[in-house]
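Computed over heavy atoms, backbone and side chain alike; hydrogens, waters and symmetry mates excluded. Whatever order the structure lists them in is the order used to number ligands and atoms, beginning at 1. All values reported here derive from a predicted model rather than from experimental measurement.
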Amino acid sequence: MKAPTALRPAATIIAGALLLATLPLFLNDYWVHIATLAGTYWVLVSGLDLVVGYAGMLAVGYGGMLAVGAYTASVLAAKAGLDPLLALACCTVTGVIAGIIVGIPGLRLTSFYFAMATLGFAIIVTQVALAWGSLTGGGIGLAAPAYADPFASTGGFYCLVLIIDALATWLVWNIASGNPGRALIAVRDADVAAEAVGVPIARLKLSVFALSGALGSVAGGLFATAQSYITPDAFTLDLSVLFFIAVLIGGRGRIVGPMIGTGLLTLLPEIAAPLVAWSAFVYACLLLVVVLLAPGGIAELLERLRRAPPPIDRMAGPEPEAMSAALVSAPRAAGQLALAEVSRAFGGVRALDGISLTLAPGTVHGLIGPNGSGKTTALNILSGFYAVHSGRIRLGEADITRTSVQARAALGIARTFQTPRILGEASVIENVMLGAWRHAAASFGEVALGLPRFYRDERALRAQAMAALATVGLAAWANARADRLQHSEQRFLEIARALAMRPGFVLLDEPAAGLSAAEIENLGAIIAEMRRLGLGVLLVEHHADFVFRISDQVTVLATGRVLAAGTPAEIRAHREVVHAYLGA
Ligand code: ADP
Ligand code: MG
């Protein structure tokens, strides 16, 4: 059963590679040249796919990368007399630098402004090439490097491009399928979830920009040779737009789709020769059609064909006994997590006004109060999303008042969100594996190169995520797209993701909201198991009954102050609480 499904993609890849490698045998030189161009573009688009398709950043000016590489290779070969292959290798260096230059504004700018910044980059590169005539030949141009045998002929050069295509696809595939790929999708679709599990977003983005810059620049080196002579006008805005659209019509967050998209867009003007002058127009129309009719692009159309039906029992019962496997090892007791006299205001609203509460390992602490009383704010302060205006936060002996969200995740503080933040287009298990982000050992480079540690991580994280899914009763859904889950199931998915962090503390924001009575029972069993295994649970809830039933301690908030605190029995008997909140 297992072997054929595992073999099918491998067989497809081998068949595809054989077909591509033998193209020169049955195509004339002109079409081999077009295929070479498509292959060259794919080297760039594969990297751009990580930036646009995975991270969701609107990098429209990647024609600039192509220019950087084309000039690097040509200048080094023509002026410094470097061997063309060596000059091509040097493109990775200029590409990494250019990628980081483009990436730095991407750390702060939002979509539209970032798109403008990348276009600016593309324009600056060609303007510099035009102005720096002594090096680049200015408007007259520069001869591109010509490779020695076996890459000298049209067919030979095509094979070189194909080899680099394979290499680029391999690097990008590894990144996309591993920890960085899941984190990039999280940055795109639910950046607060990425932060909450401890993803160092800025470093990850810069690594991806460096890789995509290197690939774009190597593509440029190949592009120069494919054109045999380069001038600044070779790097038109049309070309930048083509790369960007290839990713979008291919389907974001996928690899095969953008690969097909690149091939189609390169071929299109060739097949319909009169269209050349209209290429920008045609690309724009194609983009519109895709956005309107198939927003997921080619990849989603392919995927729809082989979508599995949903599992029959929508939600099997949870298996709390699987939780210890999800946590891998018993949570280390780091001491108590405590808020001391914490205040926080938003403009004139005092969301929290000097509250104190203590969350001990192995206990459930219920936090109740009417809407707007500051429950979510307290949770955001504990997890580091909001800074405090006064007061202290402690974890054991350590003061963590100024510690970042990511660092608190590393300290074992996990959370869920009042509105679930899931990666809808990723699979259920990938959502959970994202939670285990910090427990992967392989670096970005090791993942890209597919070194053994990467595979070991993937196996371990997958097993751990399966245990977390079994714990909450979603194991049957592991490979379904997460956006096919119902709202209540998404709440359980977030709990599984929090467990995958192997936390010491779990902060749950209204986990019972929108759940059926049976699902609330299941939730209760899961929380009880968390306590048994030594986790400290903060249960923010609206349903007082549920909280009283499973909490060891309860704190009642009203307009940002602690109205009462104590055991459930004490709270139930508390006159003010009964009057003001329980309404009895
Ligand atoms: P609860 O979770 O108990 O319903 P919240 O903690 O979400 O309450 O909100 C407490 C108060 O703080 C509310 O008046 C809310 O409007 C305000 N508040 C919370 N977060 C923000 C924010 N990011 N910006 C402005 N006001 C906020
Ligand atoms: Mg709230």
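- Contact atoms of ligand 1 toward V349: 14 (O) (distance under 4.0 Å to a heavy atom of the residue).
- Interface atoms of ligand 1 facing T376, defined by a heavy-atom separation under 4.0 Å, are 1 (P), 2 (O), 6 (O), 7 (O).
- Of the listed residues (L352, T377, N371), the one carrying the non-hydrogen atom nearest atom 5 (P) of ligand 1 is T377.
- Under a 4.0 Å heavy-atom criterion, G369 is not in contact with ligand 1.
- Using a 4.0 Å threshold on non-hydrogen atoms, atom 15 (C) of ligand 1 does not count as touching the protein.
- Counting only distance, with no hydrogens or angles, the side chain of Q464 and the backbone of L461 share no donor-acceptor pair below 3.5 Å.
- Taking 2.8 Å as the criterion, Q418 counts as a coordinating residue of the Mg ion (ligand 2), since one of its N, O or S atoms falls below it.
- Atom CZ of R531 is surrounded by more than 12 heavy atoms from other residues, nucleotides or ligands within 6.0 Å.
- For atom 23 (N) of ligand 1, the nearest protein heavy atom (residue, atom name, distance) is Y386 OH, 3.1 Å.
- The N/O atoms of G374, backbone and side chain alike, include one that comes under 3.5 Å of an N/O atom in ligand 1.
- F505 does not carry R415 over the face of its six-membered ring by the limits of under 6.0 Å from the centre and within 45° of the normal.
- A donor-acceptor pair is defined here as one N or O able to donate and one able to accept, closer than 3.5 Å; such a pair exists between the side chain of T567 and the backbone of E570.
- The protein non-hydrogen atom at the shortest distance from atom 4 (O) of ligand 1 is G372 N, 2.7 Å.
- Between R484 and E425, no side-chain nitrogen of the basic residue sits less than 4.0 Å from a carboxylate oxygen of the acidic one, so the salt-bridge criterion is not met.
- Among protein heavy atoms, the minimum distance from atom 12 (O) of ligand 1 is reached at A351 CB, 3.3 Å.
- Inclusion of T377 in the first shell of the Mg ion (ligand 2) is not supported: no N, O or S atom falls under 2.8 Å.
- Remark: minimum distance from atom 18 (N) of ligand 1 to any protein heavy atom is reached at F346 CD1, 3.4 Å.
- Taking the six-membered ring where the residue is Trp, the centroids of F346 and Y386 are separated by under 6.0 Å.
- Considering backbone and side-chain N/O atoms, K375 comes within less than 3.5 Å of an N/O atom of ligand 1.
- Judged purely by atom type and a 3.5 angstrom limit, N522 has no side-chain atom pairing as donor or acceptor with the backbone of P318.
- We find that E494 and R491 are not joined by a salt bridge, their nearest charged nitrogen and carboxylate oxygen being 4.0 Å or further apart.
- Both tests do not hold together for R549 against F546: distance to the six-membered ring centre under 6.0 Å, angle to the ring axis within 45°.
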